[in-house]
Amino acid sequence: MSRSLQEPFALRVPVPSVRPVAAVGAYGLGGWGSFAAGWLSWTATGPSAVARAAALLLFAGAIALAAAWRLPDTNVATWVASAGGLLTVAALGGVPRSSLPGDWTVPGYLVCAVALLAAVRTRLPEPMRRGLAVAAGSVQAVAVVWALPPVALALLGPVAWVGRVWTGAPSTAREAVTTDGVPWPPYAATAPLVLVVVATVLAVAVRGTEWRPRATVGASALAWAAVLVLPAALDIPYWAGLSAQGLTIVAALAYTARSAKARPVPFLLALVGSVSLACLSLAAEGTTLGVLATLTVLFAAVSGRSRPAPVAALTYATALACAVGASLGWQSQHIALLVLLVPVVAALLAARLADSPARVPVEVTGAVAGLLAVGLAVTDPPLLALVLALCGVIAAGTAVREDRRSAGYAATALFVLAAWVRLACWGVGYVEAYTLPVTVPALLVGAVGRRKDPLTSSWTAYGAGLSVTLVPSLLTAWTDPDWPRPLLLGVAALTVTLVGARHRLRAPLVLGGCVLALDALHELAPYLVQMAGALPRWVPPALAGLVLLALGATYEQRIRDARRVRDVLGRMR
């Protein structure tokens, strides 16, 4: 019995016990027949074979739609109508497939799915209209998934230029995104067309107040993806593709700047596209400088309209500074001085963004640029000392602001580090001769400050002064083969620790205790190694096991002791 006879029988049979059996047979055999017709349509090579398969699929789709019209259950009717819609799309979309190139297979089915949406505006029952909309949306979703591989390649392919900086510009846009040997997907020339069609459907067809914002976002993303993949799909020259992508970013940022409301989606698309464009520009030196400078200016121009824009501008400014230095043939330590301009700009910009949420991201970006400058200068100790001192100046300038007093700690640490590096560069053997003249006045100033304000933390009053001498002396003692320096350092650290414990000062107690422990460990290390070598090999693991057992047996007590120590340190200043 054919499906055309079985479904009416299954729907009209008056015996309730026979109706489920008839329905199962109808849908089972009908589904198998539809699959066979679909397979014939997909494998057909000639117009006559395609026409026969299309007739079978249209017949099956008509039966499914007729069944959906008569089904009382709205949910089942919706799914049956969607099946009928899919069969109709498969029938009509398979006709041009046999006569057109393979690139047009997916667009052919997509056009049929879009045409199917016209039935949604008719007076058909609501379940049927909903099912046809589901069928059309499913075909469009599959078409978008088919178009994603070339989009991903166009977006991520330029990242390969990070490892091939300034090795020469490719000839075409497709060659620029397939530098890692990843082949361009076959039949992907019409991927931009598919994305544009679906974006147009989302922008025009979805009119409900609830889904309209989501449809607008989806349409924007699909249109952006179409423009992104278009140069590689058309295989246009490299410079033309670069310009097209740059114009897309300009348009998105201009829309963001002119919109009365905040538009995060266009800005996010522009930001993602700018990263891909920056990587794509690494092929040639002049292109890199021009693109990075343009991106810096563009994102700086929209800094007042989007919170991440200043961060993006500073990031591209940092990359531009590195590129300019490399273009001039400078060594990395000299490029570090150029990169330091970014933290300066970030500090000045953060001062103007007093009440803006973008202030903290801008400061973090400036701090990261400063760390990059330090990393670039680490191979040249004299220049590293200069970079650290300049970073300290920037931090000290930031600490002038009332709400950024804590930056003074960073400034102090940077100045101290710069001094230590400078001492190491000079090859000073007796570092105390240079550090003690700084430590003594610093401690006196700290004592006067605590006398005026007893609530001042000991770290603020004494931390920097003690660190200036204790830490360089500890580093020197670890490389000193003689015993007087470690002995004197241990005595000084013990004195500082006892003073901190006596006057309940956290900074002297912690600094002195840590330096004393490390100094003692350095001096006892040779004897501990000799003792470990003289003992049988099973003794250290056994002792470690006993220690673990003791800790496990007194776990609760150890936790209480640790909490008491924490509380005691917490009450100190």
Side-chain angles (χ1 to χ4, degrees), residues 162 271 274-275 278 288-289 291-304 306-328 330-422 425 464 467:
V162 175
L271 182 61
S274 68
V275 175
T288 302
L289 298 176
V291 168
L292 291 178
T294 303
L295 292 176
T296 302
V297 173
L298 287 176
F299 282 99
V302 297
S303 295
S306 180
R307 186 186 308 177
V311 177
L314 291 174
T315 302
Y316 285 123
T318 304
L320 177 62
C322 295
V324 169
S327 177
L328 295 175
W330 291 2
Q331 296 181 350
S332 61
Q333 59 270 24
H334 299 117
I335 297 177
L337 297 175
L338 195 59
V339 173
L340 279 180
L341 294 175
V342 177
V344 173
V345 175
L348 296 176
L349 182 60
R352 296 178 60 87
L353 299 173
D355 299 327
S356 173
R359 181 181 60 175
V360 175
V362 166
E363 291 175 339
V364 172
T365 306
V368 172
L371 289 176
L372 175 62
V374 172
L376 291 173
V378 75
T379 57
D380 190 347
L383 201 57
L384 175 61
L386 175 61
V387 170
L388 289 171
L390 293 176
C391 290
V393 172
I394 298 172
T398 303
V400 173
R401 292 158 46 195
E402 187 66 30
D403 57 342
R404 286 294 181 265
R405 297 298 189 194
S406 57
Y409 298 109
T412 302
L414 290 169
F415 284 133
V416 170
L417 285 174
W420 292 347
V421 173
R422 176 53 61 185
C425 294
S467 300

Could you report the tightest heavy-atom contact between A407 and A395, atom names first, then the distance? CB-O, 3.7 Å
Pick from V378, L383, L384: which one makes a side chain to side chain contact (heavy atoms under 4.5 Å, CB included) with D380? L383
N/O donor to acceptor pairs below 3.5 angstrom from side-chain atoms of residues 363-374, sequence neighbours left out:
unit_1	atom_1	unit_2	atom_2	d
E363	OE1	R404	NE	3.1
E363	OE1	R404	NH2	3.1
E363	OE2	R401	NH1	3.3
E363	OE2	R401	NH2	3.4
E363	OE2	R404	NE	3.1
T365	OG1	P361	O	2.7

Could you check whether any side-chain heavy atom of V342 comes within less than 4.5 Å of a side-chain heavy atom of Y316, counting everything from C-beta outward? no
Report yes if the side chains of C391 and L388 come closer than 4.5 Å at any heavy-atom pair, otherwise no. no
Quick one: pull up OG1 in T315 and CZ in F299 and give me the separation to the nearest 0.5 Å. 9.5 Å
Using the rule side chain to side chain contact (heavy atoms under 4.5 Å, CB included), only one of V345, L349, V302 pairs with P310; which is it? L349
Can you tell me how far CG of L341 sits from OG1 of T318, rounded to the nearest 0.5 angstrom? 10.0 Å
Considering non-hydrogen atoms only, spot the tightest contact between A399 and G408 and give its length. CB-N, 3.4 Å
Any L337 side-chain heavy atom under 4.5 Å of L390 side chain: yes
Of all heavy-atom pairs linking I335 and A321, the shortest is CG2-O, 4.2 Å
Taking the side chain from T296 and the backbone from L292, do they hold a donor-acceptor pair closer than 3.5 Å? yes
Please report the shortest heavy-atom distance between A336 and V387, naming the atom on each side. CB-CG2, 4.3 Å
Heavy-atom distance under 4.5 Å between the side chains of P382 and R422, does that happen here? yes
Test item: S327 side-chain N/O and V324 main-chain N/O as donor-acceptor pair under 3.5 Å: no
Which residues pass the side chain to side chain donor-acceptor pair (under 3.5 Å) test with R359, sequence neighbours left out? D403
Might you point out which heavy atoms bring V362 and A346 nearest each other, and give the distance in Å? CG1-O, 3.6 Å
Closest non-hydrogen atom pair, F415 against V393: CZ-N, 3.6 Å
